[in-house]
Amino acid sequence: MKIKVLLLAVALSTSALAFAQESKKFGPPAGNAVIGDTYGNGIASNTESKAVSVDKLSKKLKKDNKKAENVAVKGKVVDVCDKKGCWLTIQTEDNSQFFVKMKDYAFFVPTALKGKNVVMEGTAERKVTSVDEQKHYAEDAKKPQAEIDAITTPKEEIRFVANGIKVVN
């Protein structure tokens, strides 16, 4: 009886190990983010030509005062989450930034995306970001504690949820 239980335990352990997923789930994906690389859903070939600047997106959201769905935006990546590559920030024409998350947390981007120009497809909206959420993202970005402590008020900003991202230059 003991041998059967022992054999069953060994068989179950072996099966669990055989089907275990790779443990490299920590940290952003590796990669150099070269021109043409895509993350998430594929980007249609005509998306680059229909992509709007961050400035035009901001004006559209102010005018419509609502979400902009299925919109394509182009911009320069200035920051990427160092922990998982689960968010990034895009530089705007007036040197401010807007925040991008990946839809349904379904894909991540490498930190090598910093400094690259991208085209993204997804949904944009104006949103008020709480102090706690701002501090959380500042901690993820490894900002100095003094900068984190200086966050004391909610901030209205453009939030973008990306379905797909493509490196364009």
Side-chain angles (χ1 to χ4, degrees), residues 25-29 31 33-143 147-169:
K25 294 288 181 193
F26 304 105
V34 295
I35 295 172
D37 281 358
T38 58
Y39 306 96
N41 291 346
I43 301 291
S45 59
N46 67 340
T47 299
E48 269 185 73
S49 62
K50 70 177 184 177
V52 298
S53 68
V54 176
D55 188 47
K56 285 183 181 175
L57 175 64
S58 180
K59 287 176 183 171
K60 176 182 171 82
L61 290 173
K62 282 181 183 176
K63 178 182 165 195
D64 297 344
N65 200 23
K66 62 179 183 176
K67 278 186 181 181
E69 296 190 18
N70 299 320
V71 65
V73 179
K74 56 187 169 190
K76 183 176 182 179
V77 177
V78 292
D79 205 3
V80 175
C81 173
D82 285 333
K83 288 185 178 182
K84 289 186 179 182
C86 58
W87 57 259
L88 55 94
T89 53
I90 299 290
Q91 178 101 20
T92 64
E93 286 80 3
D94 66 357
N95 289 327
S96 61
Q97 298 175 359
F98 83 89
F99 190 80
V100 179
K101 289 173 82 171
M102 309 335 164
K103 184 173 183 186
D104 298 328
Y105 214 58
F107 66 96
F108 305 115
V109 297
T111 55
L113 205 57
K114 287 180 191 175
K116 306 289 174 99
N117 289 302
V118 297
V119 170
M120 305 175 296
E121 286 184 310
T123 302
E125 68 179 317
R126 287 203 158 281
K127 180 182 174 191
V128 175
T129 306
S130 72
V131 170
D132 288 341
E133 192 174 359
Q134 289 179 69
K135 286 185 176 192
H136 170 77
Y137 293 125
E139 289 167 357
D140 279 357
K142 299 182 179 159
K143 302 285 185 188
E147 190 174 328
I148 294 169
D149 293 340
I151 300 170
T152 58
T153 58
K155 176 172 78 170
E156 183 177 325
E157 62 185 345
I158 295 174
R159 297 296 290 264
F160 194 89
V161 178
N163 299 322
I165 299 172
K166 179 180 180 181
V167 182
V168 292
N169 64 9

Given side chains that start at C-beta, do those of [X] and [Y] come closer than 4.5 Å, heavy atoms only?
| X | Y | value |
| --- | --- | --- |
| T129 | P154 | no |
| T153 | Q134 | no |
| L57 | I158 | yes |
| K74 | V168 | no |
| P110 | Y39 | yes |
| V118 | K166 | no |

> Only one of D79, V78, V77 forms a side-chain contact (heavy atoms from CB on, under 4.5 Å) with L113, so which one is it?
Replying inline: V77
> Which of these, K135, K83, K84, sits in a side-chain contact (heavy atoms from CB on, under 4.5 Å) with D140?
Replying inline: K83
Could you grab the distance from atom [atom1] of [X] to atom [atom2] of [Y], nearest 0.5 Å is fine?
| X | Y | atom1 | atom2 | result |
| --- | --- | --- | --- | --- |
| N163 | F160 | CG | CZ | 7.5 Å |
| M120 | I43 | CE | CD1 | 9.5 Å |
| I90 | F99 | CD1 | CZ | 11.0 Å |

> Can you list the residues that meet the side-chain hydrogen bond (donor to acceptor under 3.5 Å, both in side chains) rule with K76, with sequence neighbours excluded?
Replying inline: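 K76 satisfies side-chain hydrogen bond (donor to acceptor under 3.5 Å, both in side chains) with no other residue.
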> Could you walk me through whether I35 and K116 pass the side chain to side chain contact (heavy atoms under 4.5 Å, CB included) check?
Replying inline: CA-CA 9 Å; I35 295 172; K116 306 289 174 99; over 6 Å; no
>> Check R126 with E156, please: is the shortest side-chain N to carboxylate O separation under 4.0 Å?
In response: yes
>> Using side chain to side chain contact (heavy atoms under 4.5 Å, CB included), reason through E121 and T47 one step at a time and then give a plain yes or no.
In response: CA-CA 8 Å; E121 286 184 310; T47 299; 3.0 Å; yes
>> Using side chain to side chain contact (heavy atoms under 4.5 Å, CB included), reason through Y137 and T89 one step at a time and then give a plain yes or no.
In response: CA-CA 11 Å; Y137 293 125; T89 53; over 6 Å; no
>> Please check if the number of heavy atoms outside K103 that lie under 6.0 Å from its NZ is greater than 12.
In response: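 Atom NZ in K103 is not crowded, with 12 or fewer foreign heavy atoms closer than 6.0 Å.
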> Would the number of heavy atoms belonging to other residues, nucleotides or ligands and lying under 6.0 Å from NZ of K56 be above 12?
Replying inline: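 Not more than 12 within 6.0 Å, no.
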